[in-house]
Amino acid sequence: ALFQSNPGMAPLIDLARPLAVALAAALLLWGVFALLLRNAAKAGLVSGLWWLLFFAFGHLHSAFSHLAWKPLAAFQQGYLPLLWCCLGIFIIGAVLLTITRKPVERLTANLNVITGILVLIPLAGILRLAAVEARQEQQMRADFRAQLQSGKGIDTAHLPNIYFLVVDGYAREDTLRDIFHFNNKPFINFLSRKGFYVARRSRSNYSQTSLSISSMLNMTYLGDLTERMGKTSTDRTPLHLMIGHNAVTAFLKQRGYRTVVYNEYYGTKIPTADIVLQSKKTTGALTEFECALVNLTPLAALPPRTKQFD
């Protein structure tokens with residue numbers, strides 16, 4: 001559901017590891033409870049209660065954080081109060097399920113059906129999004145190849161090197177001074193002395209990275225994209241495809257340039273570059289999707305806190 005409700009924010013492959021870990025952990029937990037309770041149906045209910053509280057933790061914490069009700073004030077002071085509350089609910093529920101003499105097989109079967117339906121609904125949405133993304137990427141690849149073909153025969157002699165550095169979220173001098181009380185003038189003056197042109201009243205074309213970079217690298221505004229996707233759409237897939245197969249890279253490749261890209265954020269990666277650099281320290285680390293998923297669970301309370309992405 002998290003993946004489906006954030007279309008275009010992460011590649012489909014990012015689902016593989018969390019799904020594998022979740023399935024393995026679910027089977028392991030069910031097996032432990034089955035051995036302890038000697039009842040597969042009760043073990044299923046107890047482990048189901050555990051996972052329900054586990055994955056609802058972040059949503060509950062977020063909901064309590066926005067409620068201005070004094071009895072819930074304790075739940076707004078970090079994770080620990082809610083953590084103890086969820087643990088208490090689990091223990092009470094597990095004890096009641098363990099000591100009950102009523103047959104629970106029918107309840108377990110019904111809950112399995114409901115769970116299956118709840119899994120199939122987002123799965124269908126994810127598959128639909130994957131199919132749409134595949135069609136869009138195929139079209140973008142075709143457009144990119146066409147742009148490359150149109151540039152053949154251009155004289156590539158005496159080409160200057162081009163360095164395009166995007167310091168995401170770096171405010172201009174007056175904003176840093178007035179809002180953050182930081183004096184950035186020495187650095188600006190240093191750039192001016194080195195011959196750089198500094199646009200002192202610059203403004204971003206859009207307020208979000210994916211919007212700004214996709215517009216910039218395609219030398220156009222995104223009005224037609226708004227009309228095509230709808231004003232209420234939250235799907236960022238077209239933006240990521242526009243960045244990955246952008247007009248500027250195609251324009252430079254026409255003229256014999258070799259492009260080198262360094263980027264750690266999925267939404268602004270450029271797979272059409274000749275060389276893609278990546279920091280070694282990120283190898284094997286959590287993906288952005290996995291970080292967002294962890295922050296919906298009690299694991300967010302463990303130090304060090306995982307980074308949240310906006």
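In what follows, residues are counted from 1 in the order of the sequence shown.
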Quick check against the 3.5 Å criterion: does Asn39 have a side-chain atom that pairs as donor or acceptor with the backbone of Ala41? yes
Indicate the ring-plane relationship of Phe54 and Trp51, choosing parallel, tilted or perpendicular according to the 30° and 60° boundaries. perpendicular
Under the side-chain contact (heavy atoms from CB on, under 4.5 Å) criterion, do Val276 and Tyr262 qualify, and how do the steps go? CA-CA 6 Å; Val276 178; Tyr262 174 81; over 6 Å; no
Can any side-chain N or O of Thr108 pair as donor or acceptor with the backbone N or O of Val104 at less than 3.5 Å? yes
Would you confirm whether Tyr257, through its side chain, and Ala250, through its main-chain N or O, come within 3.5 Å as a donor-acceptor pair? no
Value rounded to 0.5 Å, distance of SG in Cys86 from CD1 in Ile91: 11.5 Å
CH2 on Trp50 to CG on Leu52, rounded to 0.5 Å: 12.5 Å
Kindly give the heavy-atom pair with the smallest separation between Ala94 and Val46, and that separation in Å. CB-CG1, 4.0 Å
Where do Ser47 and Gly44 come nearest, in terms of heavy atoms and distance? OG-O, 3.1 Å
Which atom pairs, donor and acceptor, lie under 3.5 Å between side-chain atoms of residues 180-190 and protein residues at least two apart or in another chain?
unit_1	atom_1	unit_2	atom_2	d
Asn183	OD1	Lys185	N	3.1
Asn184	OD1	Tyr170	OH	3.3
Asn184	ND2	Tyr170	OH	3.0
Asn189	ND2	Lys185	O	3.3

For residues Leu60 and Leu82, determine if any side-chain heavy atom of one lies less than 4.5 Å from a side-chain heavy atom of the other. yes
Phe90 and Phe33 aromatic ring geometry - parallel, tilted or perpendicular at 30°/60° bounds: tilted
Identify the heavy atoms of Pro18 and Leu293 that sit nearest to each other, and give their distance. CB-CD2, 3.8 Å
Side-chain heavy-atom pair Ile275, Thr259 within 4.5 angstrom cut-off: no
At what distance, to the nearest 0.5 angstrom, does CG of Leu96 lie from CG of Leu45? 12.0 Å
Is there a donor-acceptor contact under 3.5 Å from the side chain of Ser214 to the main chain of Leu211? yes
Heavy-atom check, side chain of Val248 versus side chain of Asn218, under 4.5 Å: no
Do any N or O atoms from the side chain of Thr100 and from the backbone of Leu97 form a donor-acceptor pair under 3.5 angstrom? no
Is there side-chain contact between Leu176 and Arg172, with at least one heavy-atom pair below 4.5 Å? no
So CG of Asn110 and CD of Glu105: to nearest 0.5 Å the spacing works out to 12.0 Å
Does Ser215 use its side chain to pair, donor to acceptor, with the backbone of Ser212 at less than 3.5 Å? no
Using a 3.5 Å distance criterion without hydrogens, assess whether the side chain of Tyr206 forms a donor-acceptor pair with backbone atoms of Leu222. yes
Report yes or no: does Asn246 contribute a side-chain atom to a donor-acceptor pair with the main-chain N or O of Met242 at less than 3.5 Å? no
Please report the shortest heavy-atom distance between Pro238 and Leu225, naming the atom on each side. CB-CD1, 3.7 Å
Does the Trp30 side chain pair with the main chain of Ala40, one donor and one acceptor, at a distance under 3.5 Å? yes
Any non-hydrogen side-chain atom of Thr98 less than 4.5 Å from a side-chain atom of Leu37? yes
Who passes salt bridge (Lys or Arg N to Asp or Glu O under 4.0 Å) against Arg200, sequence neighbours left out? Glu173
Between Ile213 and Val166, which heavy-atom pair has the shortest distance, and what is it? CD1-CG1, 3.9 Å
Linking I/L/V/M/F/W/Y whenever any side-chain heavy atoms sit under 4.5 Å apart, do Val167 and Phe196 land together? yes
Do Leu49 and Leu299 belong to the same hydrophobic cluster, where Ile, Leu, Val, Met, Phe, Trp and Tyr are linked whenever their side-chain heavy atoms lie under 4.5 Å apart, directly or via other members? yes
Starting from Leu27, can I reach Leu111 by hopping between I/L/V/M/F/W/Y residues whose side chains sit under 4.5 Å apart? no
Asp274 versus Val260: any side-chain heavy-atom pair under 4.5 Å? no
Interatomic spacing from CD in Gln254 to OG1 in Thr249 - rounded to 0.5 Å: 11.0 Å
Compare every heavy atom of Phe164 with every heavy atom of Leu217, then report the nearest pair and how far apart it is. CD2-CE2, 3.8 Å
Could you state the interatomic distance from CZ (Arg258) to CG (Asn161), rounded to the nearest 0.5 Å? 10.5 Å
